[in-house]
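Inspection log for the structure reproduced underneath, given as structure tokens.
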Amino acid sequence: MNEMTVSSPMRRQIAKLKRVISTCSAWASRYGRVVRGLFPLTWMSFVALVLIYFVWYWEVMAHANQVLHAAVLVWLFFVAVLLVFTVLGSACVYAATRRANRGQTIVEKNEVGGYIASSYRVFRPVFLPFITVECSLLESEMGLNRREKPAFLWFEETLVPRGRGRFSALHRHIVVSDIFGMTAISFTLKQDVDIEITPEKASFEQMVFQTTSSGEDGYSHPSGDPRGDLVEMRRYQAGDPLRLVLWKVFARSRKLVVRTPEPTITQQTELFVYFIAGAHDESSAALARAFLAVEGVDTANMAFSVSGAGRLAQNEAEGVSDIIDSVTHRSQPCDLLDIAPTVDRSVLGKTFILVPNRLGPWIEAARSFAAQYQISPTFVVSSDSRQAATQPQHDSFVRRLFCTTQTNSENDAKETQRLYEQLQSIGTVKSVDIATGAVCDIAAPPRRQTAAKGALT
């Protein structure tokens, strides 16, 4: 009894001590960065000062070397001049930038890939020699990039959304330094904004969310009764029927072009579409937005939900809002098993799951969902052919000489192969190119086919 009475206050004291330590650690981390940014000397200047000290102690003082004595004094004078210019420049940049952008805010609704005209300006002291100004946006890690255009005394900027999300404030980290890297002062300025970024508008074909078809390869027959005219054309994609190729265009331009196919089956009315948020999910988010725009949401026969939302969307606006907010749930567990009981059992039979381009913890939730309800869901993997050409890697000579590096495309191909293998063990897989709208069913991976041939032989 005494142990319980003693241990209970002790646990409270330990919990209180942990809270105090956590608060002090957060405070020290926050204000430590501020103090470090205002300290004008860099690590390079510290190393140079150490070297200067040893030169002064072992050469100038011991041997009265007048040449080194003059060189040390010149270097110290030069660093002092750089320090003065850096302090003056940072004071001018801070005061002028705050005064020029006081009271300005940004209220914008845009989409991924668009441009946001920003009136924010950063001062550049061109009248001070040896001084450079660099400005970066801390929200760039969240998918909002910054492009600047130098004017006479200012840096004008344009915001480029690379990912969906909501932003209530923007933090610009400004570094004023000399061109030699000896002195630097940094600070952060905050701007209140109201920015909403939706996924981009993807090319969308209704046949993505169809499980059966009456024509060859899911397309209408040219001599049949189409629901619309085949007037649009696009480049040939792997899996397109050769009968839809415009051979006259190929004879003139030597390019394979096909007419945009149209499905001949009726629209499905019972459907459950679930969007999973995770790493590399922007293309899937674009497809989810296109689905809501084309199909809409019918609470009686069609269900749509997003991981982390905890509900079924009642209309298109609500679904798009859930897609935007899903960026905060990328690292959280998938709630597919929590949403499934709210969907009618007949609708669950036609489940389409929009998944990211990378494997994650959500794969276990999808496997448990398929096993619990004994269904074979259709997984839709989205890609963007416009981003297929990646930037070449610039490795050092030593790394190229002793290390075997792989290009980004090779790494992406391996990750995609692993994703397909995991998804095919649960259900069927479809691949969609959001740039062209091309759809193809993913067959068994080549690795599995090779293994099966080896087992037969």
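Given the structure is predicted, the values throughout are model-derived calculations rather than measurements. These numbers come from the heavy atoms of this one structure, side chains and all, not from hydrogens, waters or symmetry mates. Residues take their numbers from the sequence shown, with the count starting at 1.
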Ignoring hydrogens and geometry, is there a side-chain-to-backbone donor-acceptor pair from Glu139 to His171 under 3.5 Å?
-> yes

Expected output: side-chain Thr42 to main-chain Met182 donor-acceptor under 3.5 Å | yes

Specify the closest pair of heavy atoms between [X] and [Y], including all atoms of both residues, with the distance to one decimal.
| X | Y | answer |
| --- | --- | --- |
| Phe369 | Leu337 | CA-CD2, 3.5 Å |
| Val112 | Gly163 | CG2-C, 3.7 Å |
| Thr86 | Val176 | CG2-O, 3.6 Å |
| Phe275 | Ser326 | CE2-OG, 3.6 Å |
| Phe167 | Ile197 | CE1-CG1, 4.1 Å |
| Ala370 | Pro377 | CB-CD, 3.9 Å |

What do the steps show when you test Arg164 against Glu111 for side chain to side chain contact (heavy atoms under 4.5 Å, CB included), and what is the final call?
-> CA-CA 7 Å; Arg164 66 191 187 280; Glu111 64 178 23; over 6 Å; no

By salt bridge (charged side-chain N to carboxylate O under 4.0 Å, His left out) - contacts of Glu156 (at least two apart) | none

Please identify each residue that fulfils side-chain hydrogen bond (donor to acceptor under 3.5 Å, both in side chains) with [X], with sequence neighbours left out.
| X | value |
| --- | --- |
| Thr132 | Ser177 |
| Glu318 | none |
| Asp325 | Arg166 |
| Glu108 | Asn110 |

Before giving the answer on side chain to side chain contact (heavy atoms under 4.5 Å, CB included), spell out for Val55 and Tyr53 the whole-Å C-alpha distance, their side-chain angles and the decisive distance to 0.1 Å.
-> CA-CA 5 Å; Val55 170; Tyr53 171 77; over 6 Å; no

Flag the pair Arg418 and Glu415 as a salt bridge only when some basic side-chain nitrogen lies within less than 4.0 angstrom of an acidic carboxylate oxygen.
-> yes

Salt bridge between Glu282 and Arg330, side-chain N to carboxylate O under 4.0 Å?
-> yes

Enumerate the residue pairs fulfilling salt bridge (charged side-chain N to carboxylate O under 4.0 Å, His left out) with a member in residues 176-192, sequence neighbours excluded, ordered by first and then second residue.
-> none

Which pairs, with at least one residue in residues 38-48 and sequence neighbours excluded, count as a salt bridge (charged side-chain N to carboxylate O under 4.0 Å, His left out)?
-> none

Take Asp322 and Ile324 through the test side chain to side chain contact (heavy atoms under 4.5 Å, CB included) and record every step on the way to the result.
-> CA-CA 5 Å; Asp322 291 343; Ile324 297 174; over 6 Å; no

Could you grab the distance from atom [atom1] of [X] to atom [atom2] of [Y], nearest 0.5 Å is fine?
| X | Y | atom1 | atom2 | value |
| --- | --- | --- | --- | --- |
| Ile276 | Leu336 | CD1 | CG | 6.5 Å |
| Leu354 | Ser284 | CG | OG | 6.0 Å |
| Thr378 | Lys350 | OG1 | NZ | 11.0 Å |

Qualifying residues under side chain to side chain contact (heavy atoms under 4.5 Å, CB included), relative to [X], sequence neighbours excluded:
| X | answer |
| --- | --- |
| Leu76 | Leu49, Val72 |
| Asp194 | Val107 |
| Asn357 | His280, Ser283, Val381 |
| Arg98 | Tyr94, Leu189 |

In sequence, state the C-alpha distance, the side-chain angles, and the governing distance for Leu419 and Phe379, and then conclude on side chain to side chain contact (heavy atoms under 4.5 Å, CB included).
-> CA-CA 11 Å; Leu419 176 64; Phe379 296 95; over 6 Å; no

Do the two ring centres, one from Phe291 and one from Phe352, sit under 6.0 Å apart?
-> no

Pairwise side-chain hydrogen bond (donor to acceptor under 3.5 Å, both in side chains) hits with a residue in residues 118-128, at least two apart = Gln104-Ser119, Ser118-Glu157

